[in-house]
Structures are given as C-alpha cells and as structure tokens.
There are 2 protein chains.
Amino acid sequence: MNSAATALQTTDEPSETGAQQIRDAIRDAIVERRLSPGTKLSESDVGNLFNVSRTLARAALQALSYEGLVSVEKNRGAFVAYPSPDEARQIFAARRLIEPGILREAAARITTSEIQHLRQLLLEESRLIGERGQTARRAEIKASGDFHLALAEISGNAIMQRFMEELVARSSLVIALYGQSTISSCGHNEHGDIVSAIEAKKLDRACDLMVHHIAHIEADLDLRERKGQGLKEAFDL
Amino acid sequence: MNSAATALQTTDEPSETGAQQIRDAIRDAIVERRLSPGTKLSESDVGNLFNVSRTLARAALQALSYEGLVSVEKNRGAFVAYPSPDEARQIFAARRLIEPGILREAAARITTSEIQHLRQLLLEESRLIGERGQTARRAEIKASGDFHLALAEISGNAIMQRFMEELVARSSLVIALYGQSTISSCGHNEHGDIVSAIEAKKLDRACDLMVHHIAHIEADLDLRERKGQGLKEAFDL
DNA sequence: GCGCAAATAATCGTATACAATTTGACCGCA
DNA sequence: TGCGGTCAAATTGTATACGATTATTTGCGC
C-alpha cells in the first residue's frame, strides 16, 4: 500500500451509496493537496482503501478523469493529473473568460443575505490565514476556492457552476505544481474588494478586480516545463 | 428490442477500442435526433446493440451523463436527457456568456487558412439546407453546431472547446424539445455575417452578431413546461 | 560487470455472476 | 368495480473471474 493510501482515508464508513462517495473523497484529497500530482491511483488500491470492488473504484476514477483531475492512460493506470504549463495557461484563460460573466450574473440577482454569506466566507478565510498547521493550510486552500464557487452558485446557472467547480479544482492542482509563494492570497484582500464593489453596484470595477485577481494568481506561477519532475534536472541545478 | 435499438445501429463493427466508441455513437444519435429525449437506454439493450457486456454499456451511459446528454436515475435506469425549460434557459445563458469570449480569442489568433475552413463549413451548411430528406436534415443540424465548435477549436483553448461541445450538444436536445420552426437557421445567414465581421477585424460587431445569433435561436423556442410530456395537457388543449 | 532477452509479476480491459431494488401484474376482497 | 397486497419479472448495483497488455526482474551471454 503506497503513500496514496495513507493520504486518502478520511472517514471509516467505506461504502454508503456508491461510487460518488469515493469520487468525492478522492477529489477532496486532490484539491486539498493531500495527493500530489502524478501520484498513481491503481484501481485495486483505491478499491481496497474504500473496501469496494475494482468496479466502483474504476467508476470513480473514470468520473474524475472527466473533470480533468485524474488522467487515465490506457493499460497503464490512473494518475493524479499533472497539468502541463500549457494546460495551466488554458485553465486560467478560461477563468478570465468566464468569471467576469458569472460575476455580472451574480451581481444582478444577489440578495443582501447572500452578500452576508459571502462576507462570512471572507471572514473564515482570513481567520484560516492567521492560523498555522497543515489542516489550516488545507482549509485555507479550499476556502479561497469556495469564494469563487459561491459567486457561481449565486449566479443561478447550474451549468456555469459546474464548469467553475472543475476550473477551481484544476487550478488547485496547477498552483500545487507551479505556485511559488506559499499561497496565492498575498497581502491584499482581493476577494473582499470584489464583494465591496458588488455591494456598491460598481459592476465594471468588480469585473476589473476579478480579472486582475485571476491574473495575480497566475502571475505567482512559474510556468516552466519540468520534464522528469525531479529526474536529472533536480540535481545538476 | 425497442425503438431505441433501431435508431442506434449505425455501423456493424461492434467494439473496436472500448466504451468511447459506444459513447460517441450514442452521442451522435442524440445530437442528430435519432434518439428522442426521454427514450430509455437500458444497459442490457445498449450492450446487446453493440455486442458488448453491460459493463461497457454502463460506462458509456455514465460518460454521457457527465455531459448532460443522459440522465441516470438510481435503480431506475438511463434516459436520453429531457431538459426542463429552466435548464434550457441556463444552457443558452451559458452560451451567451461564453461564446463572445471564445470569439474574441479565436479572432485574435485566426489564420487565413482557418478563415477559409470556416467558409467551407458555411458552404456545406447552406448546401444541406437546400437538400431535402432525413439524412440531409440531420447533417444540417450537426453542421450548424460545427460552426460554433470550429470557432472554439480555433480559439486554441481545449477546455473551453470541451465546454462548448457539451453546450452545443445539449442545445440540440433543447431545440428538439422546444423548437418551433423546422430549424433555427431561419432565412439569414448569421454564421456568414459573423465570419465576415471577424475577417473585417470588427470584433465588437462580431460579438454583437454572435450574441444576437444565440438570442435568435433561443427566441425560436417555446419554453413552456410540458409536464407529463403529453400527459393531461396534451388532451384538454 | 553490462546489456539484452525471456519469463514473471502487476495492472488494466472486459465479461459474467449474483444480490438488491424497482415495476408491473395478478388476485382476493370490500 | 375499485382498491390493496403479494408475488414475479425485469433492471440496476456490485463483486468476482479471466484474458490482455505493460512493467519488472531474472538469467544468460558477452
């Protein structure tokens, strides 16, 4: 049983309704970076971990591959996705393209209670930034994505929401691979500024802030090809 | 063997590489409207049709459910998706949100040969409009979507391309359900106008045309709840 | 000691088998 | 005739089994 095994086990109830449980568990593990890009996820191992047959494990991995979080190679197995620099650029290009539109939709139909909910999320987020420890770090990662997802949910379009879920999750992978600073939320409270702009009905400004926010995250990346991921390049400096 | 069976069989080579073959075949059948929304796709039937086991049939149906073309209900089976009016609105809202951005990306990096390719598609499309017969009609449906997909491909963003593939396919389902006129391509050659605008480097105009084009398609729909799909409402007029 | 080939082990691809759930029918009864 | 319940058929959910492909290791010759 490899390192992936220890990283996964979260609760002890193995199979409740089906393969979705497993899919969600693995997805969380990937997004929270308990599973590193490139980690092998063999069907047998996954099945044993959750005490289900390979059939269900396979279904879960299959599902994750549709979301771009896992790449399955024919006759070789499934691996936590290892997005190329080009893929990373495409992910952020997609976010720059989509998120302003979502923001506009969301702003148009947002209620005061939803604004309050957003502020709640922001508070939680900054609280986590203050704390230290692995679990706090993981929660922070998730929280920073949850803000964008909350906006998508407010927009009321389930399809766009699903697209955003995929993009945010894959972004987490990209940051894990190419991120330089400890975490993207550097200094400024950009999420907070966006909420303020929404509240002030300054839509154009909110969109600007959003685009720049995404650009900032991307600017923190070092998008250079890492060939063997620690092969020879790791030693000859 | 029900009506779904006759609608599916397209080639006689049953299983070549795996479940993807089946998924693609069924997807084509749905998009080309050989399969009507609501049609039951039982795992055994699909498997028998393609001479594979239920395992592969199930995988294919599962995949299609991720694309929103098939809805699987626990312990009840898989059905060709029957999008609700609200879902339909969300699909077109998503397209209005996404396609202008794709158009801008595409216009920025389009080459002369790609423009030629687009014009080729347009020619093919108008040729099909002229012809008559079921097969021509089906080809026309596919062609009208292919224009939007070609644009997405030119944009160079594989992720957005995949999103568009899903949206176009689901649009086909919506039109099959709620469309009023024989087909959306009414009179005007809106696709052609968009290409011309791109060629003339009039980006804003091209985006405007695109948004209106999508609005026109949506305007041709009669988005009213058909509850039982022909239940009581079908009789008391 | 080193490289190459063949055997071995591990893993995936697909099919089949069995259990669980749902659906529809049949039958008795008010 | 209409209603409720029990049973049977059909279909899905999950597990297991077997064949195919790929990776690894062993062993041999050099």
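Keep in mind the model is a prediction, meaning the values are calculated, not measured. In what follows, chains are A, B, ... by sequence order, proteins preceding strands, each numbered from 1.
Distance A:Arg54 CZ to C:dT11 C1': 7 Å, rounded to the nearest Å. To the nearest angstrom, P of D:dT11 lies 19 Å from CD of B:Gln62. The distance from atom NZ of A:Lys40 to atom C1' of C:dT11 is 6 Å, rounded to the nearest whole Å. Atoms CZ (B:Phe50) and C1' (C:dA15) sit 18 Å apart, rounded to a whole Å. Rounded to whole Å, atom C1' of C:dT16 lies 16 Å from atom CG of B:Asn51. In this structure, CG of B:Asn48 is placed 11 Å from P of D:dT12, rounded to the nearest angstrom. The CG atom of B:Leu61 sits 13 Å away from the C1' atom of D:dT11 (whole-angstrom rounding).
Scanning for ring pair (Phe, Tyr, Trp, His ring centres under 6.0 Å) contacts around B:Phe79 gives an empty result, with sequence neighbours left out.
Residues of residues 65-76 of chain B having a heavy atom closer than 4.0 Å to DNA chain C, listed by number: B:Asn75, B:Arg76.
No option in A:Arg23, A:Arg138, A:Lys142, A:Arg33 other than A:Lys142 meets the salt bridge (Lys or Arg N to Asp or Glu O under 4.0 Å) test with A:Asp28.
The base of C:dT16 sits within donor-acceptor range of the side chain of B:Thr55, with an N or O pair under 3.5 Å.
Identified under the side chain to side chain donor-acceptor pair (under 3.5 Å) test for residues 56-68 of chain B, with sequence neighbours left out: B:Arg27-B:Glu67, B:Glu43-B:Arg58.
To the nearest 0.5 Å, atom NE2 of residue B:His148 and atom CD1 of residue B:Ile98 are 13.0 Å apart.
Salt bridge B:Glu131/B:Arg137: absent, no basic N to carboxylate O contact under 4.0 Å.
Which of C:dG13, D:dT12, C:dA15 sits closest to the side chain of B:Leu56 comes down to C:dA15. The side chain of B:Glu43 approaches D:dT12 more closely than any other nucleotide in the set D:dT12, C:dC12, D:dA15.
A:Glu105 places no side-chain N or O within donor-acceptor distance of the main-chain N or O of A:Ile102, the cut-off being under 3.5 Å. Of the possible donor and acceptor atoms, one in the side chain of B:Tyr178 sits under 3.5 Å from a partner among the backbone N and O of B:Pro83.
Heavy-atom distances to DNA chain D give each of A:Ser53 and B:Ala78 a nearest nucleotide, and the one nearer the 5′ end belongs to B:Ala78.
Between B:Arg58 and D:dG13, a side-chain N or O to OP1/OP2 separation shorter than 4.0 Å is present.
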